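Before any comments, here is the structure.
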Amino acid sequence: MIKNSAAEMAQSLASGTITSVALTQAHLDRIAEVDGKVHAFLHVDTQGALKQAADVDAARARGEKLGPLAGVPLALKDVLVQKDVPTTCGSKILEGWRPPYDSTVVSKLKGAGVVILGKTNMDEFAMGSSTENSAYGPTHNPWDLTRIPGGSGGGSSAALAAFEAPLAIGTDTGGSIRQPAAVTGTVGVKPTYGGVSRYGLVAFSSSLDQAGPCARTVLDTALLHEVIAGHDPKDSTSINAPVPQVVAAAKSGDVKGMKIGVVKELNGDGYQAGVRQRFEESLELLAQAGAEIVEVSAPNFEYALAAYYLIAPSECSSNLARFDAMRYGLRVGDTDGASAESVMNMTREVGFGREVKRRILLGTYALSSGYYDAYYGSAQKVRTLITQDFNNAFAKCDVMVSPTCPTTAFKIGEKANDPLAMYLNDIATIPVNMAGIGGMSLPCGVASEDGLPVGFQIMSPVMQDQRMYSVGAALEAALLSKWGAPLLSQAPSLGGAA
Amino acid sequence: MSSLSRDDVANLARLARIEMTDQELENLTTEFGVILNAVARVQEVATTDVAATSHPLALTNIFRTDVVIPSLTPEEALSGAPASEDQRFRVPQILGEEA
Amino acid sequence: MSALTYEDVISKYEPVLGLEVHVELNTNSKMFCGCSTIFGAEPNTQTCPVCLALPGALPVVNEKAIESTILIGLALNCSIAPFSRFARKNYFYPDMPKNFQISQYDEPICVNGYVDVEIDTDEGPKSFRIEIERVHMEEDTGKSLHVGGSTGRIHGADYSLLDYNRAGIPLVEIVTKIVPGTGKYAPEVAKAYVAELRDILRALGVSDVKMEQGSLRCDANVSLRLIGSDVLGTRSETKNVNSLRSVERAVRGEMIRHAERLNKGEKVVQETRHFQEDTGLTRSGRSKEQAEDYRYFPEPDLVPVAPDAQWIEKLRASLPERPSLRRKRLQEQWSVPDKEMAAMINADVLNLVEETVLLGSDPTKARSWWLGEISRLANEKDVTISELAISAKDVAEIVSLVAQGELTDKLARGVVEGVIAGEGTPAQVIASRGIKVVNDDGALMAAIEKVCSEQSETAEKVRNGHVPAAGALIGAVMKETKGQADAARVRELLLGHLGQAAN
Ligand SMILES: [Zn+2]
């Protein structure tokens, strides 16, 4: 059962062949079995999940009209607040904090009867591409436990790949949904910026952060997308427009006549051969499905990484200022005669990890007087140029595509001491965040040289998220008929009973 | 321009309220040399004729009506406080300007 | 203490002012969240994830606050920016939950305005134009209570207790351009400017403008330069100037302090100073070792404010009468001499008098109560008139009772005293104190007959046509009736009794 898709689980629940309590318990059991190896979860809310499941079962028994995912379990990235459930963002500085409120995403999940199993591991405050920056230890890739599951949302993707949950929520600031999806052989979508409320998403970089759905199939991702998307008056940057019809797009998977633009600059040098091979094959499959493949150019994408590592640290240096030991979270050094200032200094030193401190200082520098124009100001201009590149390209195609990442999953520890090498993981995913458009990663096979999953990235214009679902569903269907079984059936079993 | 001295880094740490060890300051000074060189590339294309984008959406005038909605209870507000007293957040002595 | 007199200062130096006024808007909810703004609530009862800066919370702009700010800009003759943005001002302080303040930096909502203020000079009334640099929006901080130590002040305290009820209250900052050319009148001009702003804001209805509660606060920048020089001197910024009188005192005090330093060949330090109400002097703020770098950048959680012309014009059409015009109008309507008008403005009773008149009182009567007895009592208690527990309604009621003969002037003064003492409305004070005019003619006649027989010689004079002598008799009757009689009626009855027609 736990290897089914969320849509299948929902059907079983609706037809009464299984209860949500049983389904939830099955996933809790799986977590108990395998999470010691994977470490996808930071907190498992056993009681809360079973209570929620029982409520859904009761509502169903009463004949209430329920949402399409009611009773299906989900793993929540620990960067979204859930009332009374510990929220750490992978940081020591928030250890033990229980928020007194729900994020809008969580309210919507609860409202739709989606059962929240617990909170998943992540790079501290979503800063990283490997989940190695979690203060609570790394998450392991279910495909190879010595490798990283991607990041920052490695916990959510690993939970999907390890069948600990059929659905998960991630957040994506520079690729934190798509890159983990790519390296774990799962699906992840960064919706259009403003498509999903950021209220209750602990901010890393406000102008780039976006929460999104993660699952093992394109349809499941779409179903979850429609649950969490929509206008929220509590988020001033939320788009007040109808949610794109992503479920319908995922169901039809029709790409006939669509123009698919291959980004010239996001391929070639620096991309692993096996990654390129799977990518090229996927393009052929899409062409066979009736899409027209065209080449598009985005000359300014090469500056995206540099701009990102100015904008995101700048915003984070300000966003993370609130973690000061005064109102919540860790407090260190509050001895007799200590000043508030020294307690702040010591708490932030002890409470933040190396990467977070590095970015806070980098951002502090980029915003400081005398350097603002050269760094932050210039980065904002690059942002304009990248958006122009997208606009020019989208004049020639309906969606743009690229490999999600240059490589497959690397070894835990391999890049830990080389921040620049680590940052390069996100080279293909970052432009999407800079322009605020939608992006999806779905599995397109394993690389021949290492047998590890490869991600295929689809980018769609602002509020045209349905387009990437159409293309994703078409590619997924073509690959499935080629493979005969989902890619994840090739992953090791982790010794679980399932 | 793309290099920082150890004192510069120490000053940034002070601004950011992080009590860094000497070793950390050393390491960061080295790393910043590399990182700043990489990110300084933005200056190559950031010419004066390019407008700045601070936000991906071109929205304006998003407001809420001036209506009071219930606050947290003081218990909820103080629930995460490392220390509290008399329904207030208790913090160490504040050195600084008298407000 | 001061070796220098004010005259010494102004004979040598020219003061240059700069005034920053912070106004708390009187919106129902805070600037960026729905928490109530009511003053004086129990600590931390008006807080939420947004104004406590809990992780994940986001701000949403209060539309009424934007409208109020635009109204202020329009009333101060500013142009309203077609596009303005919020920015984050980054610095750490425990009373500021986010450790940045959402403010406006290089794109304020209103710019380039002016206010004309009039003051009395040796040469008669003179007008000064104060140019406004900008009007922008920001948010207030929480309040800290310093515990331990002996003073209750921040220095020497063991720890502090924070209440975030005020955190996120909408604030508007009004900044003047530098104000040269006020010469020896600088303190008066500064005071008149703040008073004028306060009147404008009150007329707009956008703020409670209570300086004593901190809803209107003034920071006064003062520098001196040698007369004839066009080089600006170093300025000091005096914070926490919380009454009109203090504005004047602070400016004057700083002028003298600067001059003393300059005369001694010392430099004026550019610094923040704190005004002390008790001494009227300023005290140096704790100077920071290094200057803060606020690292302003556009607030990414908010979108720009871009008011269209239609919205602005709608707000412009709703502007109330300008206070200076209103003063002229009232002076004419009430036929008040210049001096009396100035006295009312100076005592800050114009609104109260107007309210009283609008409730039906005679303007002269209303004015004389507010400027006379009530001002006297305020002085006696060393508080401002607005702090006294007496309203225009109370005064109107008292004026009306006097006019109807229900109270004598003397009794009315007692009623005023009772109301101010917190004994209730005039009716309640009259009832509880048993104040009553003796208007029973029978009782009065008995007193008159008694007095006339006791002072028969005087009575005889009156009977013989020497009417002025009646004064003594009337006084005696009033005394006999313990002041509770209506003197006019006593006179009427007395003269009738003694065969003289009252007139
Ligand atoms: Zn609030």
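In what follows, every chain begins at residue 1, and chains take the letters A, B, ... in the order their sequences are listed. These figures come from a predicted structure and were not determined experimentally.
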(Q) Heavy-atom pairs under 4.5 Å with chain A - which of B/A81, B/A77, B/S79 has more of them than the others? (A) B/A81

Q: Indicate yes or no: at least one non-hydrogen side-chain atom of A/R383 is less than 4.5 angstrom from one of B/P56.
A: yes

Q) Between atom OG of A/S368 and atom CG of B/L15, what is the distance when rounded to the nearest 0.5 Å? A) 7.5 Å

Q) Out of curiosity, B/H55 NE2 to A/T237 OG1, how far, rounded to the nearest 0.5 Å? A) 5.0 Å

Q: Check A/Y375 against B/V42 and note the closest heavy-atom contact, atom names and distance.
A: O-CG2, 4.3 Å

Q | Distance in Å, A/T347 OG1 paired with B/R17 CZ, rounded so as to fall on 0.5 Å steps | A | 12.5 Å

Q) What part of A/S238 is in contact with chain B, defined as an atom under 4.5 angstrom from a non-hydrogen atom: side chain, backbone, both or neither? A) backbone

Q: Identify which of A/V350, A/L362, A/V343, A/T387 forms the greatest number of heavy-atom pairs closer than 4.5 Å to chain B.
A: A/L362

Q. Hey, what do you get for CE (A/M326) to CD1 (B/I94), rounding to the nearest 0.5 Å?
A. 8.0 Å

Q.
Quick check on the interface: out of B/I62, B/L59, B/L57, B/I35, who has the most heavy-atom pairs with chain A under 4.5 Å?
A. B/L57

Q: Please examine the side chains of B/E44 and A/Y303, heavy atoms only from C-beta on, and report whether any two atoms are closer than 4.5 Å.
A: yes

Q: Please determine, among B/S84, B/A38, B/A52, the option with the most heavy-atom pairs under 4.5 Å with chain A.
A: B/A52

Q: Examine distances only and state if a side-chain atom of A/T384 and a backbone atom of B/A51 form a donor-acceptor pair shorter than 3.5 Å.
A: yes

(Q) Less than 4.5 Å to any heavy atom of chain A: does that hold for the side chain of B/E76, its backbone, both, or neither? (A) both

Q.
Within the structure provided, determine whether B/E24 and A/E349 are in side-chain contact (heavy-atom separation under 4.5 Å).
A. yes

**Q.** Spacing of CD belonging to B/Q43 relative to OG belonging to A/S378, to within rounding of 0.5 Å
**A.** 5.0 Å

Q: Examine distances only and state if a side-chain atom of B/E19 and a backbone atom of A/S342 form a donor-acceptor pair shorter than 3.5 Å.
A: no

Q | Distance in Å, A/T364 OG1 paired with B/I18 CD1, rounded so as to fall on 0.5 Å steps | A | 7.0 Å

Q) For B/A16, does its backbone N or O pair with a side-chain atom of A/R348 as donor and acceptor, under 3.5 Å? A) yes

Q) How about A/Y365 and B/L36: do any of their side-chain heavy atoms sit closer than 4.5 Å? A) yes

Q. Taking C-beta and beyond as the side chain, do B/P92 and A/R331 meet within less than 4.5 Å on heavy atoms?
A. yes

Q: Could you tell me whether a side-chain N or O of A/K381 sits under 3.5 Å from a main-chain N or O of B/T47, the two making a donor and an acceptor?
A: yes

Q) With a 4.5 angstrom heavy-atom cut-off, which part of B/R41 approaches chain A: side chain, backbone, both or neither? A) both

